[in-house]
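To start, the structure under review is shown below, and the notes come after it.
Every chain is numbered from 1 and lettered A, B, ... according to where its sequence line falls, protein lines coming before strand lines. Remember, predicted model here, so these are calculated numbers, not experimental data.
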Amino acid sequence: MTVITRFAPSPTGFLHIGGARTALFNWLYARHHGGQFLLRIEDTDRQRSTDAAIDAIFDGLDWLGLHADQKPVFQFDRRVRHAEVAHQLLAEGKAYRCWCTQDELVAMREKARAEKKPIRYDGTWRDRDPSEAPAGLDPVVRIKMPQTGETVIEDAVQGRVVVQNAELDDMVLLRADGTPTYMLSVVVDDHDMGVTHVIRGDDHLNNAFRQAQVFLAMGWDLPVFAHIPLIHGPDGAKLSKRHGALGVDAYRDMGCLPEAVRNYLLRLGWAHGDDEIISTEQAIQWFDLDAVGRSPARFDMDKLTALNAHYLRLRDDGELVDLIAPRLDAMGLAVDAAAQARLRQGMAGLKQRARKLDDLAESAAFYVASRPIPMDEKAAKLLDVDAFQRLRVYRDRLRADAPPFEEAALEAHARSVAESLGVGFGKLAQPLRAALTGRGVSPGLFEVMAVLGKAEVEGRLADVLG
RNA sequence: GGCCCCGUCGUCUAGCGGUUAGGACGCCGGCCUUUCAAGCCGGAGGUCGCGGGUUCGAAUCCCGUCGGGGCUACCA
């Protein structure tokens, strides 16, 4: 049997981080088993579904590298088939029409609440004769749930979960306007798409019981269910916009790498012993449902950032230049060919010190800035009167000795200057760093000088020394 | 209210009857050193939610309890 999984978001907002993890798990499971990963857009709520959200979901999945194996299915397009199934159930006596009004239903719920009884549809029209139906009112179609016995879900993550059928009420399959509800649509689509494993958020666990009854009523095989725990915010509640829980696009914008996000999300609820850094290839090899935890996890930006720093160092220098170029551009620093060459050459030292693309761009700015370069506060403080003295001497010696403009030679030369000056090396190096980078921190000084080149170094020194 | 799920350092987690309860992030200190990172070394941090049991022995099994979360729509 070929494994078929699916990710089925409703396009009512961006692809949030919890959805991204669900998609990742589905994708990994399919890849691990050599199966297929499908995408279905659950857009049956016409009020809340938007094209912008659909695009955001596609973009997010694309960025994360979670590509579906077939064209996405749009659930709304399949509404005729969904209704067909409901009508079949109706014809077979497994569903019935219900003429209760919204007001009646609200009253029903309120009464139940007041009496502290379970809140569910009371089955008014289950046995009532349709001839008693009020005129001029469109009925909904409800499924006839079994009223005795129990429904068992052998969940691949949660284990065996049992609920008494008496707890299940006759849910709506078709709305009064004839459109299918989610409970109907998911089942029909999962069946028709041949989905073998339904991996989704824990918030659907209770729905699984209801949906199982629709599968049964149609005589269809149940897929394997796997309900993965939700991701919580720092306060322990389901992650939402309130927590600043953002769409994956926000993590991209703040400079995260997709491979870092994947690794982070993977470790949120899934483990393989003590392994932390797990490549996607390795994840495909290792991933399985039995190692998925059952308890919810809190989102931790610090850990994501640490992982991101790791993957940043692994990235190709040229790729990183391309990735930060637009950011530098946004900072008002145009990356021309010369700047690109410098960045490319200086990237090894730069990426070692960065955690995200935004601070990588920030720390790379001095390579791109045109003279005279801006000085930050720390640099300005470094350039006191004594520092000027030393820098003048250094500049003169640099001219006179003319060491080859490469790292080792430059360093040896600077050290000899400091020595003849009778000061610790730092007393010369720090002011020099300030003059050349406008910062108190930077990659190795002589690496910077080699990248900048003789003319630029002399120019920047002149800007400071006059 | 009802039903369902969950509960190991601050956080993510390993653990599946016998471990000094391990790792990672974060935090602190050291080494390295031209700054900052990285790297390496070390440290603080957990009475395994709590209470009973079972057992020679329990984070691991059972029961209860408390806490958290989810669902309870003609939303998905």
Side-chain angles (χ1 to χ4, degrees), chain A residues 8-12 42-45 47-49 75 98 100-102 105-106 109 112-121 138-142 153 155 158-159 161-164 167-169 171-177 179 181-183 185-186 201-210 227 229-230 232 234 236-238 264 267-277 293-307 309-310 313 349-355 363 378 382 411 414-415 418 424-430 432-434 437 439-446:
Chain A
S10 49
T12 54
E42 308 219 317
D43 55 352
T44 53
D45 185 339
Q47 255 64 46
R48 298 199 299 155
S49 298
Q75 195 160 59
C98 162
C100 282
T101 63
Q102 289 293 346
L105 292 174
V106 169
R109 280 194 283 274
R113 204 188 314 270
E115 291 173 8
K116 295 188 187 283
K117 280 186 177 162
I119 300 162
R120 59 177 88 104
Y121 176 68
D138 292 324
V140 299
V141 173
R142 289 180 183 272
I153 298 291
D155 194 281
Q158 303 293 338
V161 186
V162 183
V163 76
Q164 297 304 308
E167 298 292 335
L168 274 21
D169 66 356
M171 69 196 178
V172 173
L173 260 23
L174 241 39
R175 300 188 183 93
D177 64 4
T179 60
T181 61
Y182 160 78
M183 286 295 179
S185 301
V186 240
D202 208 8
D203 48 345
H204 287 285
L205 182 55
N206 290 289
N207 291 335
F209 298 113
R210 299 187 174 80
H227 290 94
L230 300 176
H232 286 177
K238 186 175 172 178
Y264 176 71
R267 286 288 292 107
L268 219 50
W270 178 87
H272 183 269
D274 282 338
D275 295 303
E276 293 288 346
I277 306 282
R294 277 175 282 274
S295 55
R298 283 147 128 106
F299 189 82
D300 180 13
M301 193 64 210
D302 280 342
K303 188 153 182 178
L304 205 205
T305 304
L307 244 11
H310 172 83
R313 276 177 251 128
L350 249 19
K351 71 180 179 185
Q352 188 75 8
R353 281 153 249 265
R355 293 170 76 74
S363 65
K378 226 177 146 188
L382 247 15
E411 173 162 3
R415 284 189 186 279
F425 187 46
K427 292 287 186 194
L428 174 63
Q430 276 304 86
L432 188 52
R433 164 171 285 111
T437 70
R439 312 272 173 88
V441 293
S442 80
L445 232 199
F446 306 103

Taking the [atom1] atom of each, how far is [N] from [M], in whole Å?
N     : M     : atom1 : value
B:G45 : B:C25 : C1'   : 14 Å
B:G52 : B:U72 : P     : 39 Å
B:G70 : B:G29 : C1'   : 44 Å
B:G46 : B:A14 : C1'   : 14 Å
B:G49 : B:C6  : P     : 14 Å
B:U60 : B:A24 : C1'   : 23 Å
B:U20 : B:C48 : C1'   : 15 Å
B:C62 : B:U55 : C1'   : 12 Å

Please name the nucleotide paired to [N] by Watson-Crick or G-U wobble geometry with both distances under 3.5 Å, or report none.
N     : answer
B:U65 : B:G49
B:C40 : B:G30
B:G1  : B:U72
B:A14 : none
B:U55 : none

Within the modelled atom types, does a donor on one side and an acceptor on the other bring the side chain of [X] and the base of [N] under 3.5 Å apart?
X        : N     : value
A:Asn207 : B:A76 : yes
A:Asp202 : B:G70 : no
A:Glu167 : B:G2  : no

Spell out, as yes or no, whether a donor-acceptor pair under 3.5 Å connects the side chain of [X] to the backbone of [Y].
X        : Y        : answer
A:Arg267 : A:Trp270 : yes
A:Arg120 : A:Ala112 : no
A:Ser10  : A:Thr12  : no
A:Asp43  : A:Ser49  : no

Can you check the [X] [atom1] to [N] [atom2] distance for me, whole Å?
X        : N     : atom1 : atom2 : result
A:Met183 : B:A76 : CE    : C1'   : 9 Å
A:Arg48  : B:C74 : CZ    : C1'   : 14 Å
A:Leu230 : B:G69 : CG    : P     : 12 Å
A:His272 : B:G23 : NE2   : C1'   : 14 Å
A:Leu173 : B:A76 : CG    : P     : 12 Å
A:Leu307 : B:C25 : CG    : C1'   : 9 Å
A:Gln352 : B:G39 : CD    : P     : 8 Å
A:Phe209 : B:U72 : CZ    : C1'   : 13 Å

How is [X] classified with respect to the nucleic acid when contacts are heavy atoms under 4.0 Å: base, sugar-phosphate, or nothing?
X        : result
A:Gly349 : nothing
A:Ser363 : nothing
A:Ala176 : base
A:Cys100 : base
A:Lys116 : sugar-phosphate
A:Val140 : base

Over all heavy atoms of both residues, which pair between [X] and [Y] is shortest? Give the atoms and the distance, please.
X        : Y        : result
A:Leu230 : A:Asp202 : CD2-N, 3.9 Å
A:Cys100 : A:Leu105 : CB-CD2, 4.0 Å
A:Ser442 : A:Arg353 : O-NH1, 3.9 Å

Between [X] and [N], is there a side-chain N or O to OP1/OP2 distance below 4.0 Å?
X        : N     : result
A:Arg294 : B:C6  : yes
A:Ser442 : B:U35 : no
A:Arg109 : B:G2  : no
A:Arg267 : B:A14 : no

Where the side chain of [X] is defined as all heavy atoms beyond and including C-beta, which of [options] is the nearest nucleotide?
X        : options             : value
A:Phe446 : B:A24, B:U34, B:C74 : B:U34
A:Arg355 : B:A38, B:C4, B:U35  : B:A38
A:Ser295 : B:G7, B:C12, B:G2   : B:G7
A:Arg433 : B:G26, B:U34, B:A76 : B:U34
A:Glu42  : B:U72, B:G70, B:A76 : B:A76
A:Gln430 : B:C25, B:C71, B:U35 : B:U35
A:Ile119 : B:G23, B:U34, B:A73 : B:A73
A:Glu276 : B:A24, B:C6, B:C25  : B:A24
A:Asp274 : B:C71, B:G22, B:U34 : B:G22
A:Arg313 : B:C6, B:G39, B:A14  : B:G39

Any luck finding a side-chain donor-acceptor pair between A:Thr305 and A:Arg355 under 3.5 Å? no

d(A:Leu304 CG, A:Tyr264 OH) to nearest 0.5 Å is 6.0 Å

5'-most contact on RNA chain B (nearest-nucleotide basis), A:Ala297 vs A:Lys117, goes to A:Lys117

Ranking A:Gln164 and A:Gln102 by the position along RNA chain B of their nearest nucleotide, the one closer to 5' is A:Gln164

